[in-house]
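We count residues from 1, following the sequence as given. Basis for what follows: all heavy atoms, side chains included, without hydrogens, waters or symmetry-related copies.
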Amino acid sequence: MRERTRRSTAIATTLALMAAAACASNPRPGTYTRLIITGSEIRDAGYQSAYEALTHHRELIVLEGEIGFRGGNDNPWVRDGSGRVQPRPRMSQSYHVPLLVVDGDFNQNDAVTTLRRIAAADIVTIRLYHRSMVPARYRRPGAEGGVIEVNTR
């Protein structure tokens, strides 16, 4: 009986390890997989600003004048009433718009413009907080979509 239990446990463990290995994704070079990005990573990748670094983050959608967390339906194509595939209307709010916090101060201006002004040489860390991860100190109106926290020197 014990041998049968050990064998079942070994098989279950092996299957779990195989599933974990299959689910692990290998990101493209230059993309970030963590929710904390250090300034040294940004500088090593050759980016010049916080905006440029965040355009390569796999958790974010960054367009010319808009930024947001991935979520909802990121598929750029939709079917219309007749079943034909059509492009999704541009930025149909299928993403969560985060609040930008720079050195503890809430950004009241355009987030994209502010991120473009922060030089990579000045960045210590960038932290990304999804909607459910927002710390209590940042919970306020506008933070429902998450928070991007930039710490500079």
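- In this structure, Ile67 and Val97 have side chains that are not in contact, with every pair of non-hydrogen atoms separated by 4.5 Å or more.
- Nearest heavy-atom pair, Gly68 versus Pro98, reported as atom, atom and distance to 0.1 Å: CA-CD, 3.5 Å.
- Evaluation of the side chain to side chain donor-acceptor pair (under 3.5 Å) test over residues 117-126, restricted to residues two or more places apart or in two chains, returns Thr125-Asn151.
- Hydrophobic cluster membership is shared by Met133 and Leu128, with clusters built from Ile, Leu, Val, Met, Phe, Trp and Tyr side chains linked at under 4.5 angstrom.
- The heavy-atom pair separating Thr152 from Val124 by the smallest distance is C-CG2, 3.8 Å.
- In terms of hydrophobic clustering, with Ile, Leu, Val, Met, Phe, Trp and Tyr side chains grouped at heavy-atom distances under 4.5 Å, Val134 and Phe106 are assigned to a common cluster.
- Within the model, atoms OG1 of Thr113 and CD1 of Ile118 stand 11.0 Å from one another, a figure rounded to the nearest 0.5 Å.
- Scored by the side chain to side chain contact (heavy atoms under 4.5 Å, CB included) test, Glu52 finds Tyr47, Gln48, Ser49 as partners (sequence neighbours excluded).
- Applying the side chain to side chain donor-acceptor pair (under 3.5 Å) rule to pairs touching residues 133-147 yields Tyr138-Glu149, sequence neighbours excluded.
- Every residue two or more places apart in sequence or in another chain that forms a side-chain hydrogen bond (donor to acceptor under 3.5 Å, both in side chains) with Thr114 is listed here: Asn107.
- Listed by first then second residue, pairs satisfying salt bridge (charged side-chain N to carboxylate O under 4.0 Å, His left out) with a partner in residues 98-116 read Glu64-Arg116, not counting sequence neighbours.
- Contact of the Ile126 side chain with the Ile36 side chain is not registered, since no non-hydrogen atoms from C-beta on lie closer than 4.5 Å.
- Between Leu35 atom CG and Tyr129 atom OH the span is 9.5 Å, to the nearest 0.5 Å.
- Closest approach of Ala120 to Ile42, counting heavy atoms only: CB-CG2, 3.8 Å.
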Subject >> Intermediate values then yes/no, side-chain contact (heavy atoms from CB on, under 4.5 Å), Ile148 and Leu54 >> reply: CA-CA 10 Å; Ile148 298 174; Leu54 291 176; 4.1 Å; yes
